[in-house]
Amino acid sequence: MNAEQKIIVPLDVANITDAIALIEKLPQVSFWKVGLELFTSTGPQILQELKSRQKRIFLDLKFHDIPNTVAGACRAAAGYGVDLLTIHATAGRDALKAATEAVQTGAAQAGVEPPKLIAITVLTSISCRQLAFDLKIPLELPEYALEMALMAQEAGLDGAVCSPQEVAQLRDSCGNEFLLVCPGVRPTWAEKGDQKRSLTPSQALQAGANYLVIGRPVTAAAEPELAWKKICEELATVA
């Protein structure tokens, strides 16, 4: 897999028109992320648009509910033929196990490949201080992220979402087959925004990430195509 295929660009726009405009502005991008806002706005129409262009899809809906509800949602989502699907590890072991079974069932019923199911460990907008004082979790943030990833792996999930700063530890503990997806990746020339725990794209890949989610440094750039090219050139020296 070359460096360009390891970058996932979020379609963080509000409607189908803006989404298609962004997809057409960046034809080189092969892997797009569809999150809560766009999916709530468009439903599966945006997935059909991406499929028609032979794009890979990260459906990032971060399911978090009781096991039965999570299983139903995962079964439905798997039927769309997406490549990656997210669930919060904090939904608990039973929900994670139910989700892993449901994606297999949903994909088989639809006659498509099942998505890789990946767990959210700790949102990258959460700082160490917020984890302790707001969420009342007594573990250090890297330790907590690792515990969530290990629970997800034991429950049969394919991987986890973690900040770049946790990826080296998770790679060591979870092995090479476990997918690690890193949002919050920021080139040195880009604004960090609301990401609290960041690394550059090349640092994140060197630490063991499989995929990098890079949004605003590309999509909010004055010239998105040039920003995309610049990141790919930076990663070509690492991949």
Side-chain angles (χ1 to χ4, degrees), residues 8 10-12 33-40 57-80 82-107 114-167 169-171 173-174 178-185 194-198 209-213 215:
I8 303 171
L11 277 169
D12 286 341
K33 180 170 88 76
V34 175
L36 279 171
E37 181 181 10
L38 186 59
F39 192 79
T40 303
I57 302 169
F58 175 11
L59 186 57
D60 186 25
L61 301 183
K62 299 183 176 75
F63 295 136
H64 191 289
D65 215 310
I66 63 171
N68 190 57
T69 303
V70 160
C74 286
R75 196 177 303 116
Y80 293 132
V82 299
D83 299 276
L84 294 176
L85 182 66
T86 46
I87 177 174
H88 273 286
T90 49
R93 194 180 302 271
D94 289 348
L96 296 175
K97 286 181 177 175
T100 59
E101 293 166 10
V103 293
Q104 299 296 324
T105 305
K116 299 292 186 185
L117 187 62
I118 56 177
I120 306 294
T121 53
V122 184
L123 294 172
T124 52
S125 58
I126 299 288
S127 67
C128 297
R129 182 178 175 81
Q130 288 168 324
L131 189 76
F133 289 93
D134 296 346
L135 302 183
K136 312 300 182 192
I137 291 170
L139 300 179
E140 291 294 325
L141 197 150
E143 185 185 353
Y144 181 67
L146 176 60
E147 291 295 338
M148 293 299 99
L150 288 171
M151 178 174 65
Q153 187 175 38
E154 287 163 12
L157 272 73
D158 299 293
V161 179
C162 65
S163 97
Q165 292 183 6
E166 285 102 57
V167 76
Q169 184 185 20
L170 266 62
R171 176 60 66 218
S173 299
C174 298
F178 199 62
L179 281 180
L180 295 175
V181 179
C182 288
V185 177
D194 56 8
Q195 301 296 345
K196 300 285 198 306
R197 310 186 324 273
S198 187
N210 296 99
Y211 293 104
L212 311 177
V213 180

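- The two atoms that bring Ala77 and Val82 nearest to each other are O-CG2, 4.1 Å, heavy atoms only.
- Judged as a salt bridge (charged side-chain N to carboxylate O under 4.0 Å, His left out), the pairs with a partner in residues 83-102 (not counting sequence neighbours) are, in order, Arg56-Asp83, Arg93-Glu154.
- One N or O on the side chain of Gln153 and one on the backbone of Cys174 form a donor-acceptor pair closer than 3.5 Å.
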Step by step, work out the side chain to side chain contact (heavy atoms under 4.5 Å, CB included) result for Arg171 and Asn210.
CA-CA 10 Å; Arg171 176 60 66 218; Asn210 296 99; 2.7 Å; yes

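- Around CD of Glu140, the count of heavy atoms belonging to other residues, nucleotides or ligands within 6.0 Å does not exceed 12.
- Nearest approach of Ala99 to Val70, heavy atoms of both residues: CB-CG1, 3.8 Å.
- Across all non-hydrogen atoms, the minimal contact from Cys74 to Leu117 is SG-CD1, 4.4 Å.
- The closest side-chain heavy-atom distance from Lys62 to Leu123 is below 4.5 Å.
- Between the side chain of Arg129 and the backbone N or O of Asp134 there is no donor-acceptor pair closer than 3.5 Å.
- Note that CG of Leu85 and CD1 of Ile57 are 11.5 Å apart. Values are rounded to the nearest 0.5 Å.
- Annotation: side chain of Val213 is not in contact with side chain of Val185 (no heavy-atom distance under 4.5 Å).
- Between the Thr86 side chain and the Ala119 main chain, no donor and acceptor come within less than 3.5 Å of each other.
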Please evaluate residues Cys182 and Ser163 with respect to the criterion side chain to side chain contact (heavy atoms under 4.5 Å, CB included), reporting the C-alpha separation (whole Å), side-chain torsions for both, the decisive distance (0.1 Å), and the verdict.
CA-CA 5 Å; Cys182 288; Ser163 97; over 6 Å; no

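- For Gln104 against Thr100, the heavy-atom pair with the smallest separation is CG-O, 3.4 Å.
- For the atom pair Glu37 CD and Asp12 CG, the distance stands at 7.5 Å (nearest 0.5 Å).
- Nearest heavy-atom pair, Phe178 versus Ala149, reported as atom, atom and distance to 0.1 Å: CZ-O, 3.7 Å.
- At distances below 3.5 Å, not a single donor-acceptor pair connects side-chain atoms of Asp158 with backbone N or O atoms of Ile118.
- To the nearest 0.5 Å, the span separating CZ on Arg75 from OG1 on Thr105 amounts to 6.0 Å.
- From Leu180, atom CG reaches atom SG of Cys162 across 5.0 Å, with rounding to the nearest 0.5 Å.
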Chi angles and distances behind the side chain to side chain contact (heavy atoms under 4.5 Å, CB included) call for Ile87, Leu157
CA-CA 10 Å; Ile87 177 174; Leu157 272 73; 3.7 Å; yes

Worked check of side chain to side chain contact (heavy atoms under 4.5 Å, CB included) between Leu84 and Leu179
CA-CA 10 Å; Leu84 294 176; Leu179 281 180; 4.1 Å; yes

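- Residues satisfying the side-chain contact (heavy atoms from CB on, under 4.5 Å) criterion with Thr90, sequence neighbours excluded, are His64, His88, Tyr144, Met148.
- What you find for Val103 and Pro114 is that their closest heavy atoms are O-CB, 4.0 Å.
- To the nearest 0.5 Å, atoms OH (Tyr211) and NZ (Lys116) are separated by 8.5 Å.
- The CG atom of Leu11 lies 13.0 Å from the CZ atom of Phe39; values are rounded to the nearest 0.5 Å.
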